[in-house]
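Atoms considered below: every heavy atom in the structure, side chains included; atoms not considered: hydrogens, waters and symmetry mates.
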Amino acid sequence: MPPQTEFPERIYTVKEWMEARKSISEGYKHRLRIKGSREFKEKTREALRFIKATGYYDFLRTYIRQIVEINGLSQLRESEAAVWLNSYCVKDAVDAASFIIQKAWQMKEYLDGKLYYDGNAELRAVEKRVEFLNKLKNKTREEKVRQRCEELLKQWSESIYL
């Protein structure tokens, strides 16, 4: 059943935030758009292939509207339901996929009304990222992808966040 309300164009006000929450509760899914150079789009699609393989694609489309290439710092743009990525971030498709999932989780927490940017929230987001990497490692048939997941998981296990 399609949602009765549309997802707002932006999420700046309490009213827009409430509209976004209502749309999601009714099952709204974004038609995910990628904006950027041809190379950026290709690399991002490779990351999305991993997201689809792990079953996280619907989760991503629930909370993220678009992925946009930028020249600055990669980040979540809550007001746009967007992930901004620089070209460096997408060079490693496995890491990019895990970053995108982390940002989708933060967007979910934002729309759930939780504090999504402090130390505890960052820990929860990193845990979601690690969960994704474990799932990809276990689902992939590509040895190179499995090895990259293991490398990233080792890095995260040695970080201050876990």
Side-chain angles (χ1 to χ4, degrees), residues 7 11 20 24 27-162:
F7 199 88
I11 310 167
I24 286 171
Y28 183 86
K29 303 276 187 258
H30 295 287
R31 183 172 174 260
L32 189 61
R33 298 190 186 280
I34 304 168
K35 295 182 179 180
S37 66
R38 190 172 55 130
E39 182 181 355
F40 176 82
K41 288 178 181 179
E42 288 172 4
K43 288 291 195 177
T44 302
R45 283 188 192 104
E46 186 180 356
L48 292 176
R49 180 174 65 89
F50 297 137
I51 291 170
K52 289 175 183 175
T54 56
Y56 282 85
Y57 192 65
D58 277 347
F59 171 76
L60 176 64
R61 289 185 330 121
T62 299
Y63 296 101
I64 301 298
R65 170 186 287 142
Q66 60 186 346
I67 299 171
V68 181
E69 181 178 22
I70 56 147
N71 288 324
L73 295 174
S74 297
Q75 61 186 285
L76 172 64
R77 296 294 296 179
E78 303 87 355
S79 62
E80 300 172 19
V83 176
W84 284 6
L85 298 175
N86 59 41
S87 58
Y88 177 77
C89 188
V90 296
K91 285 192 186 297
D92 178 345
V94 172
D95 199 27
S98 68
F99 182 82
I100 292 167
I101 292 302
Q102 178 180 344
K103 296 305 167 190
W105 179 259
Q106 288 173 309
M107 186 69 189
K108 177 191 183 310
E109 290 207 327
Y110 170 72
L111 291 174
D112 286 349
K114 294 181 179 176
L115 192 58
Y116 63 100
Y117 54 81
D118 73 345
N120 289 330
E122 195 64 33
L123 176 62
R124 290 189 305 270
V126 168
E127 286 172 346
K128 195 65 163 175
R129 187 173 186 164
V130 166
E131 174 186 295
F132 169 82
L133 288 167
N134 274 311
K135 198 167 197 179
L136 179 59
K137 181 182 90 170
N138 293 330
K139 286 203 170 241
T140 189
R141 293 182 181 148
E142 300 173 50
E143 186 57 33
K144 185 176 168 183
V145 172
R146 186 176 298 110
Q147 287 176 351
R148 185 60 183 139
C149 287
E150 288 172 358
E151 290 168 6
L152 291 167
L153 287 164
K154 184 177 186 303
Q155 287 174 12
W156 281 112
S157 73
E158 294 169 351
S159 80
I160 62 170
Y161 289 106
L162 296 177

Going by distance alone, is a donor N or O of one side chain under 3.5 Å from an acceptor N or O of the other, for [X] and [Y]?
| X | Y | result |
| --- | --- | --- |
| Thr140 | Arg146 | no |
| Lys103 | Gln106 | yes |
| Glu69 | Ser37 | yes |

So do the side chains of [X] and [Y] get within less than 4.5 Å of each other, counting heavy atoms only?
| X | Y | value |
| --- | --- | --- |
| Glu122 | Gln102 | yes |
| Lys139 | Val145 | no |
| Thr54 | Ile101 | no |
| Leu85 | Phe99 | yes |
| Val94 | Cys149 | yes |
| Phe132 | Ile51 | yes |

Distance check, rounded to the nearest 0.5 Å: [X] atom [atom1] versus [Y] atom [atom2]?
| X | Y | atom1 | atom2 | answer |
| --- | --- | --- | --- | --- |
| Lys114 | Glu109 | NZ | CD | 5.0 Å |
| Lys43 | Lys91 | NZ | NZ | 7.5 Å |
| Leu123 | Lys128 | CG | NZ | 13.5 Å |
| Arg33 | Thr44 | CZ | OG1 | 15.0 Å |

Indicate the atoms forming the closest heavy-atom contact of Leu32 with Ile64, along with that distance.
-> CD1-O, 3.6 Å
Shortest non-hydrogen contact from Ala47 toward Ala96 |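 Smallest heavy-atom distance, with atoms named: CB-CB, 4.1 Å.
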Steps toward side chain to side chain contact (heavy atoms under 4.5 Å, CB included) verdict (Val90, Arg45) | CA-CA 10 Å; Val90 296; Arg45 283 188 192 104; over 6 Å; no
Kindly say whether Gly72 contributes a backbone atom to a donor-acceptor pair with the side chain of Asn86 at under 3.5 angstrom?
->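 Checking the backbone N and O of Gly72 against the side chain of Asn86, a donor-acceptor pair under 3.5 Å is found.
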Does Lys154 offer a backbone N or O that forms a donor-acceptor pair with the side chain of Ser157 under 3.5 Å?
-> yes
Let me see the working for Met107 and Ile11 under side chain to side chain contact (heavy atoms under 4.5 Å, CB included), right down to the final yes or no.
-> CA-CA 11 Å; Met107 186 69 189; Ile11 310 167; 3.6 Å; yes
Among Phe59, Tyr56, Tyr63, find the residue that satisfies the side-chain contact (heavy atoms from CB on, under 4.5 Å) test when tested with Trp105.
-> Phe59
In this structure, are over 12 heavy atoms from other groups packed under 6.0 Å from Glu39 atom CD?
-> no
Give a yes or no on whether Asp58 atom CG has more than 12 heavy-atom contacts from other residues, nucleotides or ligands under 6.0 Å away.
-> yes
Listed partners of Glu151 passing salt bridge (Lys or Arg N to Asp or Glu O under 4.0 Å), at least two apart =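 Only Arg148 meet the salt bridge (Lys or Arg N to Asp or Glu O under 4.0 Å) criterion with Glu151.
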With under 30° as parallel and over 60° as perpendicular, where do the rings of His30 and Phe7 fit, or are they tilted in between?
->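 Answer is perpendicular, since the angle exceeds 60°.
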